[in-house]
Trainee: 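Here it is, the structure in full.
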Amino acid sequence: MSHRSCFLGARTPLEVELMVKQLKDLDREIFRKILKTVVNALEGKDSRDAVRSIAETESLPEERLTHILAGMYTLLQEALRLPTSSLKQEVFKEDLRDIRIPEELISDFASVVFGSRRSVLDAAALQQGNRLPSVDDFRWRVDVAISSSSLTRALQPAILMQLKLSDGNTHRFELPVAKFQELRYNVALILKEINNLEKKSILRIQD
C-alpha cells in the first residue's frame, strides 16, 4: 500500500501547527479578513496597514494574530509551490483535514490555491523569488600543457570551461580530469535524486 505525502512535507511546519491551535472558535469573518491580508502579502502588496487595522478592530490578542498570520502564509506558500497538475484540490483539502484545519475553513484556503487569482499569485512568486541567474551559454575545451613549472602538470589534460550567465557575468575556470569526473558524478547523483523525488505521489502529475 503506497503512502501519500502531505504537500507540507513529512513534518508539518511549526508555524502551521501553531496556527491550527489558534483557529479553533475563530470567527469566520475575522478569519477571512486575515486570509485576505495574507493573500495580498503573497501578491507583493504592503499589508501592514491591514494587519494593524485587524489588530485594532478585532478582539484578537497580538500573539494569536501573529501565529495565524505566520501559519497562513507558510501553508499557502507551500501549496502554491506545487502546480495544480500535481496538487489536486481534493488532495489539498484532505491534507488540511489531516492537520486538523476546521472543516468550515478548508474551502476558503482552497479558493486561494485553486481560485481565479492563482495566476496572479504565481506571477508574484516568480517576480519576488530570489532566483539564481541561469546559464545562457556554456563552452568548454580540453587543454594539455606541454611545459609547466610544475612537473606534475606537464602533459596532463585539463578541462577549460566558460559559463555566461543571464545576469551578464562570465565565469572561466579550469578543472583537472579527476575534478571533472567528480563534478559529473555529483550532477548524475542530483539528477537521480530529482527523479526519485518526482516519483513520490504528491509530485506525480495526475490526469
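Every heavy atom of this structure was used, including side-chain atoms; hydrogens, water molecules and symmetry mates were not. Just so it is clear, the model here is predicted, and its values are computed rather than measured.
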Trainee: Can you tell me how far apart CD1 (I54) and CG (L60) are? Round to the nearest 0.5 Å.
Mentor: 8.5 Å
Trainee: Please name all residues satisfying side-chain hydrogen bond (donor to acceptor under 3.5 Å, both in side chains) with Q77, sequence neighbours left out, ordered by chain then number.
Mentor: none
Trainee: Please report the shortest heavy-atom distance between A110 and Q89, naming the atom on each side.
Mentor: CB-OE1, 3.8 Å
Trainee: Between K45 and E43, does any NZ, NE, NH1 or NH2 come within less than 4.0 Å of an OD or OE carboxylate oxygen?
Mentor: yes
Trainee: Taking the six-membered ring for Trp, are F114 and F92 parallel (under 30°), tilted (30 to 60°) or perpendicular (over 60°)?
Mentor: perpendicular
Trainee: Of I30, N40, L76, which meets side-chain contact (heavy atoms from CB on, under 4.5 Å) against L35?
Mentor: L76
Trainee: Restricting to pairs with a member in residues 99-109, which pass side-chain hydrogen bond (donor to acceptor under 3.5 Å, both in side chains), not counting sequence neighbours?
Mentor: R28-D108, R32-D108, R97-E103
Trainee: Look at the side-chain heavy atoms of Ile, Leu, Val, Met, Phe, Trp and Tyr, link any pair under 4.5 Å apart, and say whether W140 and L183 land in one connected group.
Mentor: yes
Trainee: Which residue pairs pass the side-chain hydrogen bond (donor to acceptor under 3.5 Å, both in side chains) test when at least one of the two sits in residues 47-57, sequence neighbours left out?
Mentor: D46-R48, D49-R52
Trainee: Given the rule in the side chain to side chain contact (heavy atoms under 4.5 Å, CB included) test, do F7 and V91 qualify, once you have shown the distances and angles that lead to the verdict?
Mentor: CA-CA 9 Å; F7 73 92; V91 172; over 6 Å; no
Trainee: Please enumerate all residues that pass salt bridge (charged side-chain N to carboxylate O under 4.0 Å, His left out) together with K33, with sequence neighbours excluded.
Mentor: E58
Trainee: Members other than Y185 in its cluster, when Ile, Leu, Val, Met, Phe, Trp, Tyr link by side-chain heavy atoms under 4.5 Å?
Mentor: L189
Trainee: Quick check: closest heavy atoms across I34 and M72, and the distance to 0.1 Å?
Mentor: CG2-SD, 3.7 Å
Trainee: Within the structure provided, determine whether I159 and E174 are in side-chain contact (heavy-atom separation under 4.5 Å).
Mentor: no
Trainee: Could you go through L96 and L105, starting from their C-alpha distance and side-chain angles, then the distance that decides it, and tell me whether this counts as side chain to side chain contact (heavy atoms under 4.5 Å, CB included)?
Mentor: CA-CA 9 Å; L96 296 190; L105 305 182; over 6 Å; no
Trainee: Supply the atom-to-atom distance E78 CD to C6 SG, rounded to the nearest 0.5 angstrom.
Mentor: 9.5 Å
Trainee: Could you give the side-chain donor-acceptor pairs of residues 9-24 under 3.5 Å, partners two or more places apart or in another chain?
Mentor:
none

Trainee: Measure the CD-CD1 distance between E63 and I68 for me, rounded to the nearest 0.5 Å.
Mentor: 11.0 Å
Trainee: Compare all side-chain heavy atoms of M161 with those of F180 and state whether any distance is below 4.5 angstrom.
Mentor: yes
Trainee: Can you name the residues that form a salt bridge (charged side-chain N to carboxylate O under 4.0 Å, His left out) with K164, not counting sequence neighbours?
Mentor: none
Trainee: Can you list the residues that meet the ring-ring contact (aromatic ring centres under 6.0 Å, His included) rule with F31, with sequence neighbours excluded?
Mentor: F109
Trainee: I'd like to know if L160 and F138 are part of one continuous hydrophobic network [Ile/Leu/Val/Met/Phe/Trp/Tyr, side-chain heavy atoms within less than 4.5 Å].
Mentor: no
Trainee: Checking side chain to side chain contact (heavy atoms under 4.5 Å, CB included) for the pair L165/D136: CA distance, chi angles, key distance, verdict?
Mentor: CA-CA 5 Å; L165 305 182; D136 277 352; over 6 Å; no
Trainee: Sequence neighbours excluded, which residues qualify as side-chain hydrogen bond (donor to acceptor under 3.5 Å, both in side chains) partners of R64?
Mentor: none
Trainee: Can you name the side-chain contact (heavy atoms from CB on, under 4.5 Å) partners of P83, sequence neighbours left out?
Mentor: S85, S86
Trainee: For R139, what residues pass the salt bridge (charged side-chain N to carboxylate O under 4.0 Å, His left out) criterion, not counting sequence neighbours?
Mentor: D137
Trainee: Let me see the working for L8 and D95 under side chain to side chain contact (heavy atoms under 4.5 Å, CB included), right down to the final yes or no.
Mentor: CA-CA 9 Å; L8 290 167; D95 284 344; over 6 Å; no
Trainee: Looking at residues at least two apart in the chain, or sitting in another chain, which of them share a side-chain hydrogen bond (donor to acceptor under 3.5 Å, both in side chains) with R141?
Mentor: none
